[in-house]
*Asks:* 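My questions all concern the structure below.
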Amino acid sequence: MKNFKYVLLSCVLVLGIASCKKWLDVNTDPDNPNNQSVLIQNRLPWIQKFYQYTAGVTNYRTACYAGVYYSSSATPNSFTTTWQCSSAISTTSYQTWFVEVSSDVVDLYNSAQKQGAYYYMAAADVFSALGYMEMLDLYGEMPYTEAGTGNPSPKPDDGKTIFNGCMSKLDEAINLFSKTQEAGAPALSLGDMWNGGDVSKWIKFCYGLKARYMLKLSKKSDLFNADSVLYFLSKGPQSIADNVVGPCYNNSTVTDYLEGDPVVTNGNFDYAAYGTTQRISQYYYNLLTNMRGSGVVDPRMSKIVPATMSNIKLDGNGKVSSYTWLRSIGVDSYGPSTRLVKGGNTIALESFATAPVNEIYQITNATDHANFVATLAAAGKVEGKDYADSGNYVRVTYPAGAKYVASNNYQYAGDTVYVNLCSKALATGGLSATDLFYYSSTAAGTAGAVTSTGSYQVRPVSDQEILTYHEMCFIKAEVDMRKGNNGDAFIAYKEGIKADMDMMQAKLTEWDGTYGLHATAQTPNPDMSPMDQVDINNYLSSNAVAQSAGSLTMSDIMLQKYIAMGCSIENWNDMRRFDFSAGDIGSFGVIYPGFDRGPLFSGTAQLTGTTKTDPRYWMRRWELPPTYELNYNSINTLALNPHAADPNIWSMPVWWDCATDEEYYGYLKK
């Protein structure tokens, strides 16, 4: 492992030049940086920022597997479609945690201890718990007790040790936050980007994390304690005012030295919406448009599912003069996956026509040919498209201003309905600090032809959600239902939906004047304006939402939580706890109906189970990064888990995903 503390000092000196926030200023001698000279109030915000980056890649890649997103990019596609898990996807989370965060957490704790800065010591404990619990969730066994000690070949610890260590860190943090700092210790507000130095909010944060982590033990009858979870919740966030989020910006071109991604933007954006290959999956889309088979559209849908300009007309200067918004549909990779099966497991990128373009498609399959022509005819020459049908060939003329796919493969011609999640920041080629749209080309940007409006959680300026009140509500709803308190579960379920909408509405209202319908600097983005309150009220009283305690199911709770959490590892954690769509947890039935291997599944070497009730049917962990732990530290790694390098390690449950210690340690035997 690379020792990060000296790298961080150099990074701080560079990043501080263009930073937007007072917390990112550097207050040391630029000619003689050293580990001892970094003020703890300058160290904390960088820990917060780089943790957001680690969480961002983890959230995105696990959201791919959990069915929130589809990606046509090779390695993420192994999570969204083929399930042929690739080790190429398992390194970045590990690398960014150990290189950019963990060793600096140790230094923060030690430096703060010397100054009697108990709040900074507590913050270090919180980050230790956040990071190592995430490593446990992903990899199962990791260096923990020997990590950050300077040992180049640290021994890994089992999942139980890591879990208990993280919970102990939170207990110590609560104790430290409850003390009064010694005289001369810097105020927490000087370095805290997340909570502004509000100690009471940090304590609620700690209890909220304890509730989240205790919930992971729901399969363990000897360890799971529903009343403990409810107690932690009573001490945790009580409203959206207690939400813990990382503030993000679009006012700098400075990029991260390790990955080259923007520093001040949302970590989720840096992966889910940085490129052009990510789209909303049909699984997630269907929940937003047909929850409980209601046919009711969720008011959050148009803020989450991106749109593109359609029916564009250009003026004499080649600028957009009129258009309509076309909302994306979801990419099906879990159901029949008809488009992906026929089109080679990819969605084509669109182009922008500055002048009329002819594409000639050869379609020899009679059914496909007839359907293609029928679609063109039914559209009534949509966007001014003209076509001619002759034998096995169809010629389509795309007028100036049209969005089209520059390919004569007819399977790709309709891919413009799948709008990618991409948004642009200054550091990734954005046109301005207030224009977050994605344009497919320079010509499209010059014309003002928007390719994507982006998505709520993954814009450069989206708050990065660390712990939220709506998550706490859904945890309470689940735990109350487990206890048989369906009345209390119903109240918490409804409150969770409302809390998520309230949080979104507050952010959309904040965005409206700069980016939304009331923006004046560029084309208004309707997806960055508030939802209609009438739509919210109608949805909450519709069949999309359970209307009584008697009709509420565990699936109702978890699917609403799934929508609200979105780009978060917690969806994958929850799916593992309920065995995905196996329906074998208690009497709760199938929690995630329709979630299963699709027709393009090819991960038979990685996921070796043959039935949904077999734990090894599903992806339950990531392979450790081959270079770091399987090559350089293989003796220690394989001594604890002899199967760490096996192809099917991806389907081995982590400690908290096992009902008993006997089951878990059974997996670790030779």
Side-chain angles (χ1 to χ4, degrees), residues 72 275-280 305-331 338-340 342-344 346-422 424 429 431 437-454 523 525:
S72 58
T276 58
T277 58
Q278 286 69 248
R279 293 168 175 83
I280 294 290
V305 179
T308 187
M309 281 186 180
S310 182
N311 297 313
I312 292 174
K313 299 294 185 293
L314 301 180
D315 62 19
N317 296 316
K319 304 287 188 181
V320 172
S321 60
S322 66
Y323 61 91
T324 58
W325 289 113
L326 175 67
R327 186 69 51 192
S328 180
I329 64 174
V331 179
T338 304
R339 165 63 188 80
L340 296 180
K342 284 192 172 185
T346 190
I347 299 295
L349 294 175
E350 66 179 40
S351 295
F352 173 71
T354 57
V357 174
N358 287 317
E359 290 287 353
I360 298 175
Y361 306 100
Q362 182 180 15
I363 312 175
T364 56
N365 181 286
T367 300
D368 286 356
H369 187 110
N371 289 339
F372 189 82
V373 172
T375 300
L376 289 169
K381 299 181 181 178
V382 171
E383 294 188 345
K385 288 184 289 191
D386 195 4
Y387 71 94
D389 182 13
S390 176
N392 290 331
Y393 294 89
V394 179
R395 186 265 304 154
V396 178
T397 300
Y398 298 94
K403 307 287 185 65
Y404 73 103
V405 175
S407 169
N408 59 11
N409 185 336
Y410 73 95
Q411 301 284 4
Y412 297 158
D415 281 2
T416 53
V417 299
Y418 303 109
V419 182
N420 64 60
L421 294 167
C422 191
K424 284 298 177 182
L431 298 183
F437 290 125
Y438 165 63
Y439 303 93
S440 62
S441 65
T442 301
T446 300
V450 173
T451 305
S452 177
T453 56
T523 301
N525 187 341

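Predicted, not measured: the structure shown is a model, and the values here were computed from it.
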*Asks:* How far does OG1 of T308 sit from CD of E350, to the nearest 0.5 angstrom?
*Replies:* 4.5 Å

*Asks:* For residues V450 and Y439, determine if any side-chain heavy atom of one lies less than 4.5 Å from a side-chain heavy atom of the other.
*Replies:* yes

*Asks:* Contact between V394 and L376 at the side-chain level, heavy atoms closer than 4.5 Å - yes or no?
*Replies:* yes

*Asks:* When rounded to the nearest 0.5 angstrom, what is the spacing between CG in N408 and CD in Q362?
*Replies:* 9.0 Å

*Asks:* Please, which pairs that meet ring pair (Phe, Tyr, Trp, His ring centres under 6.0 Å) have at least one residue in residues 346-367, sequence neighbours excluded?
*Replies:* Y361-F372

*Asks:* Going by ring pair (Phe, Tyr, Trp, His ring centres under 6.0 Å), name the residues that satisfy it together with Y418, two or more places apart in sequence or in a different chain.
*Replies:* none

*Asks:* Might you point out which heavy atoms bring S440 and S351 nearest each other, and give the distance in Å?
*Replies:* OG-C, 4.3 Å

*Asks:* Rounded to the nearest 0.5 Å, what separates atom CD in Q278 from atom OG in S452?
*Replies:* 11.0 Å

*Asks:* Could you tell me which non-hydrogen atom of P399 sits nearest to which non-hydrogen atom of A353, and how far apart they are?
*Replies:* O-CB, 3.5 Å

*Asks:* Using the rule side-chain contact (heavy atoms from CB on, under 4.5 Å), only one of V305, V417, I280 pairs with I329; which is it?
*Replies:* V417

*Asks:* Indicate the atoms forming the closest heavy-atom contact of S72 with I347, along with that distance.
*Replies:* CB-N, 4.0 Å

*Asks:* Where is the tightest heavy-atom contact between N358 and R395, given as atom of each residue plus distance?
*Replies:* OD1-CD, 3.6 Å

*Asks:* Kindly state each residue pair satisfying side chain to side chain donor-acceptor pair (under 3.5 Å) with at least one member in residues 314-325, sequence neighbours excluded.
*Replies:* N311-T324

*Asks:* Assess, by modelled atom type and distance only, whether the side chains of N420 and Y438 contain a donor and an acceptor separated by less than 3.5 Å.
*Replies:* no

*Asks:* Rounded to the nearest 0.5 Å, what's the gap from CG on L349 to OG on S441? Could you check?
*Replies:* 11.5 Å

*Asks:* Return yes if some donor-acceptor pair links the side-chain N/O of T453 with the main-chain N/O of A307 below 3.5 Å, else return no.
*Replies:* yes

*Asks:* Can you name the closest pair of heavy atoms from E359 and V405 and give their distance?
*Replies:* OE2-O, 4.0 Å

*Asks:* Measure across L314 and G318 and return the closest heavy-atom pair with its distance rounded to 0.1 Å.
*Replies:* CD2-O, 3.8 Å

*Asks:* Enter the distance from Y387:OH to T397:OG1 here, rounded to the nearest 0.5 Å.
*Replies:* 12.5 Å

*Asks:* Let me confirm one number: the CG-CD distance from D368 to Q411, rounded to the nearest 0.5 Å.
*Replies:* 6.0 Å

*Asks:* Which is it for M309 and T523 under the side chain to side chain contact (heavy atoms under 4.5 Å, CB included) test, yes or no, and what are the steps along the way?
*Replies:* CA-CA 11 Å; M309 281 186 180; T523 301; 3.9 Å; yes

